[in-house]
Every structure is written in structure tokens, then in C-alpha cells.
Protein chains: 2
Amino acid sequence: MTPTTPLPRMTRQRREILDVLDTRDFRSAQQWHERLRAEGSTVGLATVYRGLQALADQGEVDAVVSESGETLYRRCEAGEEHHHHLRCRVCGKAVEIDVPEFEDFAHRIAAQHSYVEISHTIELTGVCPDCAAADKG
Amino acid sequence: MTPTTPLPRMTRQRREILDVLDTRDFRSAQQWHERLRAEGSTVGLATVYRGLQALADQGEVDAVVSESGETLYRRCEAGEEHHHHLRCRVCGKAVEIDVPEFEDFAHRIAAQHSYVEISHTIELTGVCPDCAAADKG
DNA sequence: CTGATTTCGACAATCATTCTCATAAGGCCT
DNA sequence: AGGCCTTATGAGAATGATTGTCGAAATCAG
């Protein structure tokens with residue numbers, strides 16, 4: 001069981017990729033590559049593809065597939081949070097739910113359609129356990 | 001001005017495609033093509049691609065892009081499944097979004113809080129690519 | 001520094017999808 | 001029904017994103 005740490009090596013090009021990556025915009029591997037070259041880097045396209053995939057595997061970057069089938073990447077951001085509610089349509093009781101995944105969903109979907117400055121409203125309604133019991137009993 | 005009715009023609013192959021399409025499973029154009037050939041049809045692959053696109057434009061079929069980048073199709077069913085929209089807050093243009101994962105998500109969260117009879121509303125708004133470009137230019 | 005591995009980079013290879021273009025239907029009009 | 005104009009079809013070439021190949025270069029442990 002040699003714990004042969006298969007750790008990815010931090011190479012110059014990996015660093016360049018991480019540096020150029022933005023946490024705001026989803027761009028394709030080719031677009032990031034272009035930008036890198038524009039900034040004077042000499043990284044190869046294949047390397048950018050491989051680097052982005054590796055970083056995505058590590059959870060350093062997010063990847064989404066656009067409508068046209070291209071894979072878009074952006075750097076992960078751990079910050080921002082806000083919550084939503086799950087409300088009972090009978091008694092009105094609301095539970096605060098924390099759904100970090102919603103944020104990702106919203107951004108992912110927006111990116112797939114090339115929309116920017118996304119905001120969202122999510123409303124979950126149902127019948128709470130108490131009301132459900134009352135209804136039955 | 002010429003109201004040149006640009007109506008798609010109902011050809012044998014269009015009919016065959018509609019017939020073979022299933023409302024349950026999302027399959028790729030190639031898979032539907034295979035199935036058609038297996039059933040004795042002689043339709044060409046390109047025709048299946050074109051047919052599916054045309055039908056998607058007409059709203060007869062739903063199309064989603066898989067993680068691997070393939071476009072998957074299935075016949076629309078005006079019922080059980082519902083769509084959400086991603087709307088541009090500038091021009092109002094809306095894109096229909098299909099978020100199968102979301103349905104599961106809603107149910108999971110509801111279950112975690114023992115809520116039943118869940119329904120949800122999702123409103124995503126942002127700025128569409130056209131308006132974003134117009135804003136910049 | 002040295003060697004074992006991993007990564008790079010240029011380019012070939014894949015794979016889904018689209019395009020091209022000559023031919024074959026649809027649809028419509030009389 | 002017969003004809004005509006337009007759109008659809010099919011086969012295969014073309015495209016475009018992504019992945020594979022392989023010799024050379026870089027990383028990291030010892």
C-alpha cells in the first residue's frame with residue numbers, strides 16, 4: 001500500500017493558469033489559453049486543458065458545460081453565502097435552509113446561457129410535519 | 001413582410017423520428033439514429049440531427065447538454081415535468097431551463113425537514129449576452 | 001546534484017455535430 | 001392529376017472542441 005502520494009506538481013504553467021483564472025467569469029479552455037498567450041505566457045493549449053481538468057478535480061475550479069457543448073471554467077470562490085426558506089403553506093412556519101449548492105446552480109445555469117449578473121429567488125413550499133399530521137388525524 | 005410560411009415539411013423521416021422518440025429517456029441523436037436503423041428505417045444521421053433540432057425549435061422535443069458535451073433529446077410531454085426560466089432583466093428575453101437535479105434537490109431538502117407536498121418556484125434573472133454586450137459597447 | 005516521474009508542448013487522432021451539394025420529395029396551384 | 005418551386009435528404013467532407021502520443025524538459029525526493 002505504498003501511499004505513493006500522486007500529488008500534482010506545481011509547475012510554472014499550473015501557476016500561470018491559476019493566476020489568470022477569474023472567479024467571476026466562466027470561460028472555455030481555449031479562451032483562458034488565449035488570454036494566457038496574450039499576457040505573454042507560452043503554455044500550450046493541451047496543457048491548459050489538462051491543467052484546468054486537474055484543477056477541477058482538485059476542486060480549485062468549477063466546470064460547467066455550455067449549451068453549445070463547450071466546457072467552461074472559472075476559479076472557485078468559497079465566500080458569499082445567503083439562505084432561503086422552506087415555508088409551510090398551511091401554517092406559514094418557515095425553516096431556514098442553507099443551500100450553498102443553489103448558488104452554484106444559479107451561476108452554472110447562467111453561464112451555460114451566457115447570462116451575467118445573476119440573482120435568484122427560490123421559494124420552496126410544502127406542508128410541515130405538524131400540519132400534515134393534523135390533516136390526517 | 002412576405003408571410004412566406006416557413007413551415008417545416010412533414011416528411012417520412014420526420015415522422016419516423018417523432019415515432020421513435022420516447023418521452024422518458026434522454027438519448028443522443030446518434031442513439032436515436034441507431035434505434036431507427038435497428039427498426040429498419042433508412043434515415044441518415046445528418047437527417048436525424050436536423051430533424052431533432054427542428055423539432056426542438058418547434059418545442060416538440062426537449063434538448064439538454066450532458067456533462068460530456070453531447071446533446072440529448074427526448075420527446076416533450078406537457079405534464080409532470082415543468083420548466084423554469086432564466087430571464088434577462090434588461091430586455092426580458094427568457095430562456096427555458098431544465099434542471100432535473102433541482103427537483104431532486106427540492107425533495108431532498110423537504111425530506112430533511114419532514115415537509116411534504118413540496119412545490120417550488122425558482123426565478124433566475126440576469127443580463128443576457130446581447131444586453132451585456134450592448135451595455136459595454 | 002541525480003534519478004525517477006510527471007508534465008510539457010506540438011501535433012496527430014477522436015468524436016460529435018455541421019456543412020455541401022446533387023437528388024428526391026413535399027406543398028400548392030390550376 | 002400534372003408541374004413547379006422550395007425544402008429536406010443522404011453521403012461524405014469539413015469543423016471544432018477535446019484527448020492521445022511521445023520525445024524533451026521540469027519537479028521533487030534523497
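The analysis underlying the following values was restricted to heavy atoms, covering all of them including side chains, and did not include hydrogens, waters or symmetry mates. So you know, we letter chains A, B, ... as the sequences are listed, proteins then strands, and number each from 1.
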(Q) Please report the distance, rounded to the nearest Å, between CZ in Arg15(B) and C1' in dA8(D). (A) 13 Å
Q: Provide, to the nearest angstrom, the distance between the NE2 atom belonging to His33(B) and the P atom belonging to dC15(C).
A: 17 Å
Q) Any donor-acceptor pair under 3.5 Å between the side chain of Arg50(A) and the base of dG20(D)? A) no
Q. With nearest nucleotides of DNA chain C determined for Arg9(B) and Gly69(B) from heavy-atom distances, which residue corresponds to the more 5′ nucleotide?
A. Gly69(B)
Q. When you measure from the side chain of His33(A) to the backbone N and O of Val43(A), does any donor-acceptor pair fall under 3.5 Å?
A. yes
(Q) Quick check: on DNA chain D, is the nucleotide nearest Arg14(B) upstream (toward 5') of the one nearest Tyr49(A), or the reverse? Name the residue that is more 5'. (A) Arg14(B)
Q) Considering only side-chain heavy atoms of Arg12(B), which listed nucleotide, dA25(C), dT17(C), dG10(D), is closest? A) dG10(D)
Q: Could you say whether Thr11(B) or Ser28(A) is positioned toward the 5' end of DNA chain D, judged by the nucleotide with the nearest heavy atom to each?
A: Thr11(B)
Q: Using atom CG of Leu45(B) as one end and atom C1' of dA16(C) as the other, report the distance to the nearest whole Å.
A: 9 Å
**Q.** Modelled atom types, side-chain donor and acceptor of Gln13(B) and Thr47(B), under 3.5 Å
**A.** no
Q) Between dG9(C), dT18(D), dT9(D), which one does the side chain of Gln13(A) approach most closely? A) dG9(C)
Q: Please state how far atom CG in Leu72(B) lies from atom C1' in dT17(C), giving the value in whole angstrom units.
A: 13 Å
**Q.** OP1 or OP2 of dA16(C) under 4.0 Å from side-chain N/O of Thr71(B)
**A.** no
(Q) Rounded to whole Å, please give me the gap between CD in Glu70(B) and P in dA17(D). (A) 17 Å
Q | For atom CZ of Arg37(B) and atom P of dT9(D), their distance in whole Å | A | 14 Å
Q: Report the distance from atom CH2 of Trp32(A) to atom C1' of dT18(D), rounded to the nearest whole Å.
A: 19 Å
Q. Between Glu39(A) and Arg35(A), is the closest basic N to carboxylate O distance under 4.0 Å?
A. no
Q) Could you give the CD-to-C1' distance, from Glu16(A) to dC8(C), as a whole number of Å? A) 12 Å
Q: Identify whether any heavy atom of Gln53(B) sits under 4.0 Å from a base atom; if not, whether one sits that close to sugar-phosphate; answer base, sugar-phosphate or nothing.
A: sugar-phosphate
Q.
Checking Gln53(B) against Tyr73(B): is there a side-chain donor and acceptor pair closer than 3.5 Å?
A. no
Q) Is a donor on one side and an acceptor on the other found under 3.5 Å between the side chain of Arg75(B) and the backbone of Leu18(B)? A) yes
